[in-house]
There are 2 protein chains.
Amino acid sequence: LPSMQTSGSKPCPCPSFKLREVASMYFTMIAVFLVILVVALQGSVPHESDFPYKVPLDPQGLLELSWNVSYPEQAVHFQLLVRDLQFGLLFGMSDRGEFENADLVVLWSDGQNSYFGDAWSDAKGQLHMDSQQDYQLLGARRAPEGLYLLFRRAFSTCDPKDYLIEDGTVHLIYGILEKPVHSLQAINISAIHRGLQRVQLLKPNITIPELPSDMKTMEIRAPDVVIPSQETTYWCYMAELPDSFPKHHIIMYEPVITAGNEALVHHMEVFQCAAEFDSFPHYNGPCDSKMKPDRLNYCRHVLAAWAMGAQAFYYPAEAGLAFGGPGSSRYLRLEIHYHNPLVFKGRRDSSGIRLYYTATLRRYDAGIMELGLVYTPVMAIPPGEDAFILTGYCTDKCTQLALPAAGIRIFASQLHTHLAGRKVVTVLSRDGREQQVVNADGHYSPHFQEIRMLKEVVAVFPGDELITTCTYNTEDRSRATVGGFGILEEMCVNYVHYYPQTQLELCKSAVDPGYLHRYFNLVNRFNDEEVCMCPQVSVPQQFFSVPWNTFNRDVLKSLYGFAPISMHCNKSSAIRFPGEWEKQPLPTTTERLREPVPRCPPAPGSRPAAPIPLNLVELRRD
Amino acid sequence: LPSMQTSGSKPCPCPSFKLREVASMYFTMIAVFLVILVVALQGSVPHESDFPYKVPLDPQGLLELSWNVSYPEQAVHFQLLVRDLQFGLLFGMSDRGEFENADLVVLWSDGQNSYFGDAWSDAKGQLHMDSQQDYQLLGARRAPEGLYLLFRRAFSTCDPKDYLIEDGTVHLIYGILEKPVHSLQAINISAIHRGLQRVQLLKPNITIPELPSDMKTMEIRAPDVVIPSQETTYWCYMAELPDSFPKHHIIMYEPVITAGNEALVHHMEVFQCAAEFDSFPHYNGPCDSKMKPDRLNYCRHVLAAWAMGAQAFYYPAEAGLAFGGPGSSRYLRLEIHYHNPLVFKGRRDSSGIRLYYTATLRRYDAGIMELGLVYTPVMAIPPGEDAFILTGYCTDKCTQLALPAAGIRIFASQLHTHLAGRKVVTVLSRDGREQQVVNADGHYSPHFQEIRMLKEVVAVFPGDELITTCTYNTEDRSRATVGGFGILEEMCVNYVHYYPQTQLELCKSAVDPGYLHRYFNLVNRFNDEEVCMCPQVSVPQQFFSVPWNTFNRDVLKSLYGFAPISMHCNKSSAIRFPGEWEKQPLPTTTERLREPVPRCPPAPGSRPAAPIPLNLVELRRD
């Protein structure tokens, strides 16, 4: 695509620009530009109250993004609040938050004129004007708190330089221009103040169920924590339900964030502890502290989870999450991930989660089911892979046995891997034919694990299959990554939230260990006895000793795509449903879902490849 | 893409159309439409003499296509002669000549009005108007011999429904409308008279070298053959050079086709016989006849080859193909493939090839080198594969040893496989980095094997690698296809024509047999001893007994992509260059050629999605 150089090729009003640029650096902090009026409004301009979703982009909260999603228009409307505009800013999206190969909207000023344009960065991070302008500027206004920029972007533009906005995680990137620039091309993207923020941009369009009049609230909050002055802290706080608290239904929950800490509280989860212990120690401190009592590890049953950018979570009208009552622990653990990259000191926080619950039980208890791979080293990823795929199955045999004839309804999902995870998808399959995607995240990040409401509830019936596929990147690793609980081991899990609750808590698989043994044997013979096959050696040790040539890599892939599986069709992590679950045939897929063909609206407002001049009035800040 | 229904949704001038349609069938043979004038001409209209390439489309020669190629415009100009226009015709291109998923230009008439439009057929063969009209009608005129239609098509249109015109074979398709149709959608593509013709559409743009004044010609023609009344005949005719014919250089050759048989003579080759035999029997008859003397099998050294649509073949100015003189046989074998699908009887033919040669030897003798795979069963394709890839290597070690320091120049290439071949490509690689494509055919057909001049001469130096990759389809087979000479066995060969001639006649590879043995062992163990590994069993028998599950397929692919190779770096098919050629490392590629991104010209003449009305005058023919 031709790069746009309109502004660069204009006769430059100031020939000694570079000198002037240097000089202007001294004035940077006091030079503020105010955008007055922009372009003729295209379509209806949304009101400020029309942006239900909000997230701070940078840790200082200088940039704050609000947005809404129009599914009929297949477009997102953005409202970007710039609290301290200097010489412009960059905002955009890229595959995993990198500034190379990114899709960007840029507002830049040469000190006299300002421009707004849809741009892209190449593999070296160099900016180019987009030949098709798909970020449409809808308006800009000055308010006491800063400058508001309003713009619109279709999900899909069919411009190959543009990011395709899909369900799941979107890596937003931003940059702040602290010096004037005479053209888009002159912006040195590696030298500016910049960062990334992950959000679920395409929030589902859910109608909020009616809330009962007897609804009560309970806040699970860590009181007055001093946020540690380090980038990452996981804070643990133990809470307790009242004595003899009867069974209730949680029907909604929402975050409670201490004002001013919006950019620091990254995500929070409330776990219920195991019922087999009568009591749990009180604790209020870092989760990785040596002082943390071991017993807290038995508090792992998720009651609620929130991550940045998420709103309140509503259960469907027919269901609620049971808590309280006999057979359920009174103890709860709150875990807060503080993300403090600027290492602020002494910041105090009392954030947490507010549960909305009712004693008038709804028709169904909601349940959580674990899909994907068993936590076992037999599922491994060779080192140096950019996109290695592992698949976990919930087979027809298991759903046939464990699901009620009327089926279950999945309404939310939380995807989970450890650090090497890059994509996760669960597909519902019936008689070998893929029916629909349950949940998919093509830009999954292990640093952003939300419980996500599904766009539409998925009905699963006895005999259906649920196939969960995870894609991993191990390019930075020198030895195999095996399955397991450790942070450098891997998982491939989808926690699906559904109703009515069944006994089936786990529907996961792993390759048959006997076939893996054949693989090691084969590697051993084929590669002239380099792999230690001594029986006392563990599976991870065997994986670590495989020489990772292309043949051994390829054959491992082939093995996982062929060998029979061991099924965990379990009532709890230890108790299986009765039946034969070893050496089960690998489910086969005879008909795949079609890749959705991106719809490219004829772009009513997409403009020719030229930057749009803006009328700017230069103002001193004080 | 929305299908165009303009003509269908017009108020129909004749409500009882179907009746009229039936009635009109009686008049079909006398109803002829004459296109008088069409649309304003776009760009310069080429003269008739500007179409250097010509091919009959159908066996009767009712449709005759001429064309030229404009590389600066990246477009082809077509001139289609329709000898007996009835109610229109279809012409177009598709991947392998099928009428589904085809790119078509359609001229159709409802008996009153006629229309010309760019259309496409879906996977069921249903026609649709193209949303972007990329076949541009340039003119139409009536001549005594028939109607001439002139139109233009860019190589690449970026319309996903359009065929991308690439180097190599193009499968042209045609259809004849013998009844009026009231709309494009009403054409039943499976019920019309139709067919396919393969051509190399993008002929290279070669400057013809100056021809010497002492040039002589010699015609190798089968005298007065009665073409057998069967679809396929390979005709063999033995010719002889004069006694003591000294060494000459062939510098050009061209076809001599008996007038009227243009649609029957499919391809012709002249072979020189082996010098080790003093004489060869005369023969003039079918090549598969029981009467054909066995010795004719020793006449396999290609001197000249022509296929339908090809023009004269010119050697580069510096080189000629040596024939005559000591150490070279006086005997030549002409082989003609007659393609007679309408089984015409008693048609007489004296076609052949006219050689242009000179006694004033040029600077270099030209040579022919065989690249690709050794003819051995160790290279095999599992059954039921839609695109299985085998690769043959000419390694750096061999070119280092056998090529002169100044290198060789490849100027022409003939790709060769047996019936399962679908694509063939040879790439030149240097230090593991792919440099350029020597010759590629993404729509290769074993039924259309021409010697093709290269667009640009390729220089190959000592240490370079030549990697030949073939793609096979075995979906119609139930057992493995092994390498070999048989028509149901496979080959992967590129005969490259080059100069100066060297001793290297063969530079081919095959997988190391020891590693293949390990594969059979592995399959045996992994699949519970189903494969007979008894030492007396041949490699084909072992392949035939492999149970072709996904694992065994995948591992065979992995083996071919990993195992060391046995190199045939040979002076002739039996004599190797000195050196170690067994268990050679597989060449690795660290840098691949980029896929060319199709350039989509802004389509100066591409029109909105509506059929173009034509002014037609209805004329009775006689």
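Each chain gets a letter, A, B and so on, in the order its sequence line appears, and its residues count up from 1.
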Which of residues 553-561 of chain A have a heavy atom under 4.5 Å from any heavy atom of chain B?
A:D554, A:V555, A:S558, A:L559, A:G561

For A:R525 and B:R518, which heavy atoms make the closest approach, and how far apart are they?
O-NH1, 4.0 Å

When the ring centroid of B:F526 is compared with that of A:Y519, is the distance short of 6.0 Å?
no

Holding to side chain to side chain contact (heavy atoms under 4.5 Å, CB included), I want the full list of residues that pass it with A:R479, two or more places apart in sequence or in another chain.
A:F544

Which residues satisfy the side chain to side chain contact (heavy atoms under 4.5 Å, CB included) test with B:K397, sequence neighbours excluded?
B:T395, B:E580, B:W581, B:Q584

Going by the rule side-chain hydrogen bond (donor to acceptor under 3.5 Å, both in side chains), which residues pair with A:Y472 if we only count those two or more places apart in sequence or in a different chain?
none

